[in-house]
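Below is one structure, written out as structure tokens; the observations come after it.
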Amino acid sequence: MKKESENTYVFEKKGDMKVPLKVFASEKLMKDIEKDRALEQGINMAKLPGICKHAIMMPDAHQGYGFPIGGVAAFDAEKGIISPGGIGYDINCGVRILTSNLGVDEVREKLEEILNVLYENIHTGIGSESKIRLETSELEELLDTGIDWAIKKGYATEEDKERCEENGRMPQADSSKVSDRAKKRGRKQVGSLGAGNHFIEIQAVEKILDKSTAEKFGIKEEGQVVIMIHSGSRGLGHQVCTDYLRRMETEQPEIFKSLEDKELIYAPLGTEIAEDYYKAMSAAANFGWCNRQVMTYETRNSFKKVFPDSDLKLMYDVCHNMAKLETHEIDGKMKKVYVHRKGATRAFGPGHKEIPEIYRDVGQPILIPGSMGTSSYVLVGTDEGMKETFGSTPHGAGRLMSRHQANKLYTGEQVQKDLKSKGILVRSASWRGVSEEAPGAYKDIDEVVKVSHEVGIGKIVAKLVPLGVLKG
DNA sequence: ATGTGC
């Protein structure tokens, strides 16, 4: 890797590579990135058919299935490909923030109570099932219409819809392209948190760095309480990914055989299998938005019980695991590309027509969760990001250790105790869930966000700190 | 990430 400037490294095009690989990282984070196979996977992205301009890795990058997590690649809509490994198993994993009219002191007084109420109403952990049971026909409506289903059922308002990326509904979604097995897994999981790094966190605004933008986003003052929800499409999205990986492998043996890394299986755009995958992926994305929306409904009701005057407004909901057909300026020309963001947040700059009108003049809110017990951030999209990263930023701290390593090194009890000594309460279904997500198992979120800010692909608006965490 | 893998 050649250091190009402060926070940017380039691996020049050579051999089978079609474009260079660009990595946004500080020296410190680059050392973390070099610890696993992530760079090798980044170079593999740059070898795929139809990739445009450059393959990108974010400062939080680490090894994933096929593509690295923290990888971004844009493929020519005609000559390119779509790859499930470039999106991830958790299709439309994403983050939303609810701003509140509550202050840190009043919430701290009843923190244990509100966490308990949330824990009762929102089911967590692996295989967790929500209170809702959907018939197949209703699940199909949810998959086809996204947030519109949630509005119809009373879980969402029109304002909620406006404040979701894509208005919470991928128009290409087609439930008939989702397998019965995936639907069976999804029927009981709408409104469930899941496991891993998924969480609902009650946070306080610690520092506002861009006052006027923060105000636009509904962050009025330091000490204001907000709620962050981080979850995805649960077993349904996972099954969609598995189904299409297998289908692409078996129905395209010549492509499969030719691959150095079999995890990079893809479908050429324009083929039936690529179309089917995009429709199924879009349906899973709709599930992700409905899942976070139903949890929002439960969160609002839970807060009403403990804080009767509370008013929780959706600031924004943004995804970090998805491929989308977008138009970007490449080599001076506007071009249609399928942008794969795998562990990278969609981050559009000022004026983009896909940003809600209320935020359009300043840019899109970018929501970046830290690991459990550390800070999270709100950033704003920039013109620089549109030019450099197809409108993308990092998505979080990024793992430093495998779950296995973390389990060996930490116990859930100790992690919970350490956090409690810092005034942070954790409510979880399993001790293992807590130890796997120990703050020490993750990279430094402050450093990740600093790179994003300094490079200019996303500018820091506000820093948030945890008060209480409900996790899987 | 995931009804974690044999």
Side-chain angles (χ1 to χ4, degrees), chain A residues 36 38 41 58 60-71 83-95 123-130 132-134 139 178-200 229-246 263 280-281 284-285 287-289 291-292 295 319-323 340-345 369 371-372 394-408 412 428-438 441-443 470-472:
Chain A
D36 57 28
Q41 294 184 322
M58 293 295 173
D60 52 340
H62 58 106
Q63 189 180 324
Y65 184 93
F67 282 37
I69 292 158
S83 175
I87 289 150
Y89 276 92
D90 194 2
I91 296 164
N92 190 8
C93 185
V95 181
H123 301 175
T124 67
I126 190 156
S128 51
E129 297 177 353
S130 70
I132 301 172
R133 292 290 175 276
L134 297 181
L139 177 69
V178 175
S179 71
D180 290 342
R181 194 171 178 191
K183 286 173 190 166
K184 195 180 163 204
R185 290 178 73 171
R187 273 177 26 189
K188 301 172 178 179
Q189 293 190 319
V190 187
S192 63
L193 185 66
N197 67 351
H198 288 168
F199 61 73
I200 295 179
I229 301 178
H230 178 204
S231 186
S233 54
R234 309 287 286 97
L236 183 136
H238 196 276
Q239 191 66 46
V240 167
C241 182
T242 305
D243 290 341
Y244 279 88
L245 284 169
R246 294 297 93 82
E263 293 180 357
M281 182 214 72
F287 188 95
W289 280 307
N291 189 33
R292 292 194 288 276
M295 283 190 278
C319 162
H320 51 234
N321 276 12
M322 185 110 85
H340 289 55
R341 296 186 183 88
K342 183 187 191 180
T345 312
S371 54
M372 186 177 62
H395 83 306
R399 287 202 86 87
L400 196 55
M401 279 175 212
S402 68
R403 295 182 186 283
H404 183 71
Q405 273 177 296
N407 275 329
K408 278 200 292 188
S428 174
S430 83
W431 286 118
R432 186 159 153 188
V434 176
S435 58
E436 282 181 352
E437 299 301 315
Y442 278 83
K443 298 177 191 187
L470 177 70
K471 69 171 300 354

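Quick note on labels: first sequence line is chain A, next is B, and so on, each numbered from 1. Values in this document were obtained by computation on a predicted structure and should not be read as measured data.
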Aromatic ring pairing F67(A)/H340(A), orientation class (parallel under 30°, perpendicular over 60°, tilted between): parallel

Side-chain donor-acceptor pair present, S128(A), R234(A), cut-off under 3.5 Å: yes

Sugar-phosphate, base or nothing in reach of G232(A), heavy atoms under 4.0 Å: nothing

Euclidean distance, atom OH of residue Y65(A) to atom P of dG5(B) [Å, nearest integer]: 13 Å

is_close_aromatic(H230(A), H395(A)), centroid dist under 6.0 Å: no

Interatomic distance where CD belongs to Q405(A) and C1' belongs to dT4(B) [whole Å]: 17 Å

Touch class at under 4.0 angstrom, heavy-atom based, for G196(A) against every strand present: sugar-phosphate

Interatomic distance where CD1 belongs to I126(A) and P belongs to dT2(B) [whole Å]: 6 Å

Length of the line joining Y244(A):OH and dT2(B):C1', which is rounded to integer Å: 19 Å

Atom pair distance, as rounded to whole Å: CG in L193(A) and P in dT2(B): 9 Å

Side-chain N or O of R403(A) closer than 4.0 Å to phosphate OP1/OP2 of dT4(B): no

Touch class at under 4.0 angstrom, heavy-atom based, for E129(A) against every strand present: nothing

L236(A) CG - dT2(B) C1' separation (whole Å): 12 Å

For atom CG of N92(A) and atom P of dT2(B), their distance in whole Å: 13 Å

Sugar-phosphate only, base, or nothing, as touched by R399(A) at under 4.0 Å among non-hydrogen atoms: nothing

Neighbour count above 12 (heavy atom, 6.0 Å) for K183(A) NZ: yes

Rounded distance in Å - NE2 (H198(A)) to P (dT2(B)): 5 Å

